[in-house]
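Single-structure report; data block below.
By convention in this document, chain letters (A, B, ...) are assigned in the order of the sequence lines, proteins followed by strands, and residues within each chain are numbered from 1. Predicted model only: the values in this text are computed from it and were never measured.
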Number of protein chains: 2
Amino acid sequence: MKIVVDAMGGDFAPEAVVEGAVLATREFGFPVILVGIEDAIQKELDKYEDAKDLPIEVRHASEVVEMHESPGKVLRSKRDSSMKVGLDLVKSGEGEAFISAGNTGAVLAYSTIILRPLKGVDRPAIAIQLPTQKGFAILLDAGANVDCKSNQLFQFGIMGHVYAKYILGMEEPGVGLLSIGEEDGKGNEVTKETFRWLSKSHIRFIGNVEAKEVYRGNADVIVCDGFTGNVALKISESLAEMIGKNLKTLFTSGIVPKIGYLMLKGRLREFKKSVDYSEKGGAPLLGVNGVVIIAHGSSSAKAIKNAILRAHEFVEKKVNQHIREDIEYNLDSKGSFWQHIKEIVAGHDENGGVPHKAEPSPVEDDIDTDTEEIETTEDKKPTEEPEK
Amino acid sequence: MKIVVDAMGGDFAPEAVVEGAVLATREFGFPVILVGIEDAIQKELDKYEDAKDLPIEVRHASEVVEMHESPGKVLRSKRDSSMKVGLDLVKSGEGEAFISAGNTGAVLAYSTIILRPLKGVDRPAIAIQLPTQKGFAILLDAGANVDCKSNQLFQFGIMGHVYAKYILGMEEPGVGLLSIGEEDGKGNEVTKETFRWLSKSHIRFIGNVEAKEVYRGNADVIVCDGFTGNVALKISESLAEMIGKNLKTLFTSGIVPKIGYLMLKGRLREFKKSVDYSEKGGAPLLGVNGVVIIAHGSSSAKAIKNAILRAHEFVEKKVNQHIREDIEYNLDSKGSFWQHIKEIVAGHDENGGVPHKAEPSPVEDDIDTDTEEIETTEDKKPTEEPEK
């Protein structure tokens with residue numbers, strides 16, 4: 001099993017990425033392919049005496065995707081970027097998983113187009129681990145899909161359940177739907193319909209979860225559209241930043257508070273680290289044919305190492321196979337349920353769409369892609385059945 | 001100018017509400033009408049020796065709306081609640097403004113049905129003041145409308161501008177649109193269209209604002225739909241709660257941190273107070289014919305006093321008149337702009353609706369209201385022209 005790593009992605013690339021690969025291969029032993037500008041990668045590798053003995057391959061890609069380039073432009077113009085070359089390796093089966101700390105939008109767009117969504121999944125979703133009062137919760141979608149229909153939110157619920165169960169080892173994860181009231185009937189049009197669907201699925205659906213409950217940790221998985229998810233995460237960062245700054249100001253004016261602050265400084269640093277999810281191994285892009293992990297832009301070598309370990313877990317624990325099976329379980333063996341859904345859709349919901357029918361990717365609609373470059377992966381050997 | 005106060009609304013009603021009215025009338029001198037169960041109110045008033053000399057009237061209403069009753073049920077069954085009697089006083093012109101710390105959904109529903117939306121406004125919105133690194137920002141809608149169209153978000157922008165300008169005294173408030181990227185093209189379908197409309201309005205539109213910017217305070221007004229706004233506020237509360245608990249745990253294990261914590265405790269309390277917007281005079285429901293202030297459920301007497309002062313300001317500074325004029329300015333004198341919008345709407349946007357055409361209230365659609373009870377207020381003397 002080979003893990004493909006975008007050596008050019010992230011604020012500290014290629015240094016931190018190469019170091020992360022060295023740390024991971026030393027510690028875990030499974031092979032890594034570093035993709036990017038060969039000379040730059042080799043120069044970094046040469047810093048480590050044992051690098052030539054480690055299972056690290058280098059694959060050249062001449063172009064680099066910058067952090068703030070528009071994904072559409074990247075797809076059109078960068079045919080030999082480290083992201084595209086890396087994802088092609090996963091598509092061809094040479095690699096099992098892809099990791100990048102680069103431009104999130106570009107990773108998302110490339111992954112969707114090159115790997116294609118899994119059968120039964122309309123759109124991939126980014127799943128983030130949030131610290132809570134009780135440990136961790138998974139929130140998805142964290143920003144991949146701004147306009148979501150209820151069938152997509154339903155699939156996010158299934159995918160989040162699989163992630164929590166097989167990667168985080170939760171026996172029966174509680175899946176909640178982010179809404180503005182706990183009562184069953186509360187929410188907007190999309191969440192209300194999603195509520196009905198999740199209620200009838202095989203996962204442990206705990207109903208609506210209000211945002212004030214998120215950090216209390218009573219839900220293991222929190223389902224929302226990417227717009228709301230992005231706002232929820234980013235406003236949390238914004239508030240944490242303000243609280244940090246205000247506390248510092250309050251604590252460092254006046255001699256008594258200043259001494260108090262100095263006594264607490266170590267603990268504050270510890271706390272900051274405990275809630276910093278950039279160290280937690282990155283965020284998986286769930287629902288594509290292949291494992292893709294999006295690492296934080298500011299990833300350190302340790303964060304990259306953790307992401308490589310996380311990617312390995314996703315492959316080994318056959319997460320994609322479980323997602324497909326769980327979605328199929330709802331499609332097939334609950335025929336009457338889906339029949340019911342179809343009737344609802346046909347009857348009075350013109351926005352819902354038939355849940356299991358994949359629609360064209362929004363990325364493709366958006367951009368002027370050469371279609372001959374985009375091959376279907378339908379016949380491709382699924383990545384979640386690794387070669388032994 | 002009389003301010004009508006729901007004496008039965010809030011966790012500490014009627015005690016805290018009556019005390020708030022006593023404090024306000026003592027300090028500011030303008031008359032207050034307390035609505036609710038007469039005996040209970042009088043009993044509270046009797047605690048204050050000077051109460052009979054203060055400009056406080058009591059108006060009996062036999063029913064009380066409980067905090068967790070469904071608004072639909074309340075509207076159908078409670079014909080003599082303190083909310084309904086109070087809002088009827090504003091509708092009849094006897095009172096100028098209404099304040100309640102009770103069930104928010106019920107205040108919203110009663111206000112929309114009894115007072116009706118202002119001309120040019122489709123739906124009223126709840127506007128919250130948020131603390132930021134630079135002072136305060138207004139966020140609307142904080143939860144009144146879960147499914148918003150772009151014409152509504154556009155109106156929220158105008159209403160937020162008026163609030164910031166005339167109540168908070170900002171010369172040229174910067175109005176931002178909450179979205180998931182700063183670039184013009186980022187957002188979902190609704191925000192993208194709202195972006196175009198706000199760009200062409202007369203207010204100072206500063207473009208998209210990412211959630212990570214909210215607490216930095218670069219936008220004076222933040223526009224979003226009520227679902228997103230509610231999530232943003234509630235998740236902030238949730239995170240603040242977790243940080244508070246975690247800090248306390250971290251700080252009180254081990255003797256050095258414990259001493260440090262004790263030295264800082266006072267400052268922490270100060271900080272908590274500075275970000276507690278329940279003390280800030282409540283959240284106005286913008287866009288109805290009349291002034292309505294929704295106070296926090298846990299309002300203290302001081303919070304009620306502040307809400308009474310805030311309501312007085314809204315009347316005195318003719319906020320509703322300014323909202324109407326500013327919306328009309330965009331409707332009339334920018335004919336070509338609205339013509340353009342109409343063409344867009346007629347052409348390819350079946351969701352947009354004609355921006356200035358009010359649609360039936362969702363509350364009415366929802367419930368089984370006796371229509372004979374709901375009179376139109378079109379002929380009513382506008383409340384923002386107070387009797388001198």
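- Per-residue heavy-atom pair counts under 4.5 Å with chain A were compared for B/Ser179, B/Gly143, B/Gly226, B/Gly185, and the maximum is reached by B/Ser179.
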Begin from the C-alpha positions of B/Leu140 and B/Ile128 and carry the test side-chain contact (heavy atoms from CB on, under 4.5 Å) through to its verdict.
-> CA-CA 6 Å; B/Leu140 77 169; B/Ile128 287 271; over 6 Å; no

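- Pairing each heavy atom of B/Ala283 with each of B/Ala127, the nearest pair is CB-O, 3.2 Å.
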Residue pair B/Cys224, B/Phe156: steps toward the side-chain contact (heavy atoms from CB on, under 4.5 Å) verdict | CA-CA 8 Å; B/Cys224 58; B/Phe156 297 169; over 6 Å; no

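- Contacts with chain B were tallied for A/Val231, A/Val146, A/Asn188, A/Asp225; A/Asn188 has the most, counting heavy-atom pairs under 4.5 Å.
- Heavy-atom distances place no part of A/Ser70 under 4.5 Å from chain B, backbone and side chain included.
- Looking at A/Gln133, the atoms closer than 4.5 Å to chain B (heavy atoms on both sides) sit in the backbone and in the side chain alike.
- Ranked by non-hydrogen atom pairs under 4.5 Å with chain A, the options B/Glu210, B/Glu241, B/Lys186 are led by B/Glu241.
- Note: B/Asp147 leads B/Asp147, B/Asn230, B/Leu178 in heavy-atom pairs under 4.5 Å with chain A.
- The two residues B/Glu66 and B/Lys78 come nearest to each other via the heavy atoms N-NZ, 4.3 Å.
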Take B/Phe136 and B/Leu130 through the side-chain contact (heavy atoms from CB on, under 4.5 Å) test and state the conclusion after the steps.
-> CA-CA 5 Å; B/Phe136 281 94; B/Leu130 282 181; 5.8 Å; no

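- Neither the backbone nor the side chain of A/Glu183 comes within contact range of chain B; no heavy atom of the residue lies under 4.5 Å from a heavy atom of that chain.
- Between B/Gly157 and B/Val223, the closest heavy-atom pair is CA-CG2, 3.5 Å.
- Of the residues considered (A/Val190, A/Thr132, A/Thr191, A/Val214), A/Val214 shows the highest number of contacts with chain B, using heavy-atom pairs under 4.5 Å.
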